Amino acid sequence: MSQQASAAGRAFVIGGGIVGVCSAYALQLNGFATTLIEKGVPGHAASFGNSASIGLASVPPLGMPGMMRTLPRMLADPNHALVIRLRHLPQTLPWLMRFRRALAPARVDAIAAARAALLSHAGTAYESLLAEIGRTELIRTTGLILAYESRNSFAGARAGLALRRRHGIEVRELDGPALRDLEPAISERAVCGVHFPIVQTVTNPLDLTEAILGAFRARGGRVLCETVRGFETGPAGVSRIITDAARHECDLVVLAAGAWSGALARMLGERVSIVAERGYHIMIPAAPRMPAIPLVSGEHNVSISTLTTGLRMTTMAELTAIEAPADHARALRIFRAAAPLIRGLDLDTTSPWASRWVGARPSTPDSLPVIGRSPRHRNVIHAFGHGHLGVTFGAVTGAVVGTLARGETPNLDITPYRPDRRFDGSHLGTAR
Ligand SMILES: Cc1cc2nc3c(=O)[nH]c(=O)nc-3n(C[C@H](O)[C@H](O)[C@H](O)COP(=O)(O)OP(=O)(O)OC[C@H]3O[C@@H](n4cnc5c(N)ncnc54)[C@H](O)[C@@H]3O)c2cc1C
């Protein structure tokens, strides 16, 4: 099957999550006849169930120096949010080795700088995109609160706060009463915390993806419900995309398949380091108090945010296979422990959750996304591996994809995100 060629050519985006949808829209703006291929329903994988945060203060990477010392304790605790499934250790071990190397202090600093650089474009990229499609109401500047139940555990957050401050992020430290003045839904449990005023929140992540997808369709974009199974290559790169339904002739391919991207990259003869880092959520449509400012429990690693559909609690970083059986029971234990941070919310005495969900973050060991031209195929652009920040980085990634597709240089240095790196922070030019 072939699509009518436009002046720029026929572009195919694989993956209908927030990153794929933003990329498809940007390609269309740049004159490509663009097709989005999605094996399920667009916007219903990781981009559906996340915490809805445009995390403009999320400078620190997932792993901080010294983490190896606390890791055994975290992994032994059945109620901890971090889980490494031993059954899938053969797949995750190489990733974990790179993750460990990326914890060296100089590498953490360099990774944080690379995250800060991309974050500095993330908010403005959404502003332009949402203004263009007339949906600016989908993202609001709410700020974010990181709340602690003990000053001891708050001390553990110090290094991350210092890193943020070094990159110019405003960090307001508050005691318990000041937290409650700011957000009255916070209970007496919180003794101290921090407020990041810069953070924004999506009113509902699915609405965001669907709004951009709607604009893409309205401009003539095509969406196919097919599963990509392979590629045919020629002298110019990928010549055809093979799906379960057809063979599509193409001039440009964008790989934006989230946690599935590693397997597709392997089909292209490329090795990227990416694992499924699964997270869980529950929705509570009628919580006694709905916080206007989203908050994160520092002790339990639970995010709590108010969406248009109710209160959403998210947690867990579970390294496992994408399709492994879900452990909702563990997630619920963690939600129960964090719930008392909100006044009147008690998951022990009531069962107020309407739905529960599990989804896979596409995570790299160096906490940086993979954005850039494929080293092997000139007409393939990679746009995946956004880990905890895929919603945040959706619009800026799309804008970079559009610029690369035009054959131009983006207005930010994308070498930190290049696909052919070693994924342990060593490509950032730091010593061990
Ligand atoms: C609990 C949780 C909380 C989070 N909170 C936040 C947050 O607050 N802020 C933030 O910025 N990020 C957050 N994230 C991360 C964010 O959700 C992800 O990084 C982001 O959604 C990834 O988007 P994506 O488009 O790359 O992938 P996805 O949304 O997973 O989309 C990939 C798509 O590709 C499709 N696909 C895969 N293989 C194929 C194939 N062979 N053929 C066709 N289609 C295919 C899939 O069906 C899927 O729809 C959170 C994640 C979780 C799990």
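In listed order, ligands and their atoms are each counted from 1. Quick caveat, the model's predicted, so the values are computed rather than measured. All residue numbers refer to positions in the sequence shown, counting from 1.
At distances below 3.5 Å, at least one donor-acceptor pair connects side-chain atoms of Ser367 with backbone N or O atoms of Leu62.
Between the choices Gly387, Gly394, Pro294, the shortest heavy-atom distance to atom 15 (C) of ligand 1 belongs to Gly387. Distances from atom 42 (N) of ligand 1 to the heavy atoms of Val228, Leu224, Val199 show the closest one on Val228. Counting only non-hydrogen atoms, the option in Arg361, Glu318, His281 that gets closest to atom 1 (C) of ligand 1 is Arg361. The heavy atom nearest to atom 36 (N) of ligand 1, considering only Lys39, Gln200, Met267, Arg312, is found in Lys39. Of the candidates Ala360, Pro362, Gly258, Gly17, Pro362 brings a heavy atom nearest to atom 22 (C) of ligand 1.
Looking only at atom types and distance, the side chain of Thr397 has a donor-acceptor partner in the side chain of His386 under 3.5 Å away. For the 3.5 Å distance criterion, the side chains of Glu270 and His377 fail to qualify, holding no donor opposite an acceptor. Counted by atom type alone, Glu132 and Tyr25 present one or more donor-acceptor pairs between their side chains at under 3.5 Å. Under the 3.5 Å distance criterion, with hydrogens and angles disregarded, no donor-acceptor pair is assigned to the side chains of Thr308 and Thr203.
With respect to atom 17 (O) of ligand 1, the closest heavy atom belonging to the protein is Ala46 O, 3.2 Å. For atom 35 (C) of ligand 1, the closest heavy atom belonging to the protein is Glu38 OE1, 3.2 Å. For atom 21 (O) of ligand 1, the nearest non-hydrogen atom of the protein is Ser47 OG, 3.0 Å. Atom 5 (N) of ligand 1 has its closest protein heavy atom at Ser51 N, 3.0 Å. Atom 20 (C) of ligand 1 has its closest protein heavy atom at Gly390 CA, 3.6 Å. Looking from atom 6 (C) of ligand 1 to the surrounding protein, the closest heavy atom is Asn50 CB, 3.5 Å.
Some N or O of His388 is nearer than 3.5 Å to an N or O of ligand 1, by distance alone. Remark: ligand 1 and Ile14 share no N or O pair separated by less than 3.5 Å (distance only, no angle test). Checked against a 3.5 angstrom limit, the closest N/O atoms of Tyr280 and ligand 1 fall outside it. The shortest N or O to N or O distance between Glu277 and ligand 1 is not below 3.5 Å. Residue-to-ligand polar distances place Val391 within reach of ligand 1: an N/O pair is separated by less than 3.5 Å. Not a single N or O atom of Ala256, backbone or side chain, sits closer than 3.5 Å to an N or O atom of ligand 1. Considering backbone and side-chain atoms alike, Thr392 places an N or O below 3.5 Å from some N or O of ligand 1. Checked by distance only, ligand 1 and His386 stay at 3.5 Å or farther apart across all their nitrogen or oxygen atoms.
Using a 4.5 Å heavy-atom threshold, the side chains of Thr227 and Thr243 count as separate. The shortest side-chain heavy-atom distance between Arg330 and Glu318 does not fall under the 4.5 Å cut-off. Side-chain contact between Arg217 and Val223 is present, with at least one heavy-atom pair separated by less than 4.5 Å. Contact annotation: the side chain of Phe196 approaches that of Leu161 to within less than 4.5 Å [non-hydrogen atoms, C-beta and beyond]. Counting heavy atoms from C-beta outward, Arg312 and Pro205 have side chains that approach closer than 4.5 Å. For the pair Met316 and Phe335, the minimum side-chain heavy-atom distance is 4.5 Å or more. Between Phe216 and Ile212, every side-chain heavy-atom pair lies at or beyond the 4.5 Å cut-off.
Close contacts between ligand 1 and Thr227 involve ligand atoms 41 (N), 42 (N) [criterion: under 4.0 Å to a heavy atom]. Annotation for ligand 1: atoms under 4.0 Å from non-hydrogen atoms of Ser53 are 7 (C), 8 (O), 9 (N), 10 (C), 11 (O). Taking a cut-off of under 4.0 Å to the non-hydrogen atoms of Ile18, the atoms of ligand 1 that pass are 23 (O), 25 (O). Which parts of ligand 1 touch Glu226 is read off a 4.0 Å heavy-atom cut-off, strictly below it: atoms 42 (N), 43 (C). Listed by number with element, the atoms of ligand 1 under 4.0 angstrom from any heavy atom of Gly15 are 33 (C), 34 (O), 35 (C). When each atom of ligand 1 is checked for a heavy atom of Gly359 under 4.0 Å away, the hits are 53 (C). Near Ile37, the atoms of ligand 1 lying under 4.0 angstrom from a non-hydrogen atom of the residue are 43 (C), 44 (N). Within ligand 1, the atoms closer than 4.0 Å to a non-hydrogen atom of Leu389 are 10 (C), 11 (O), 12 (N), numbered from 1 in the order shown.
For the pairing with Asn79, the side-chain hydrogen bond (donor to acceptor under 3.5 Å, both in side chains) check across His300, Arg333, Arg336 returns one residue only, Arg333.
Ring pair His281/Trp357 is parallel by interplanar angle, where below 30° counts as parallel and above 60° as perpendicular. Taking the six-membered ring where tryptophan is involved, the planes of Phe384 and His382 are perpendicular, since the angle between them exceeds 60° and thus also 30°.
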Please determine whether side-chain contact (heavy atoms from CB on, under 4.5 Å) holds for the pair Ile371 and Val396, giving the CA-CA distance in whole Å, both sets of side-chain angles, and the decisive distance to 0.1 Å. CA-CA 10 Å; Ile371 310 171; Val396 65; over 6 Å; no

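Look at Ala52 and you'll find a heavy atom under 4.0 Å from some atom of ligand 1.
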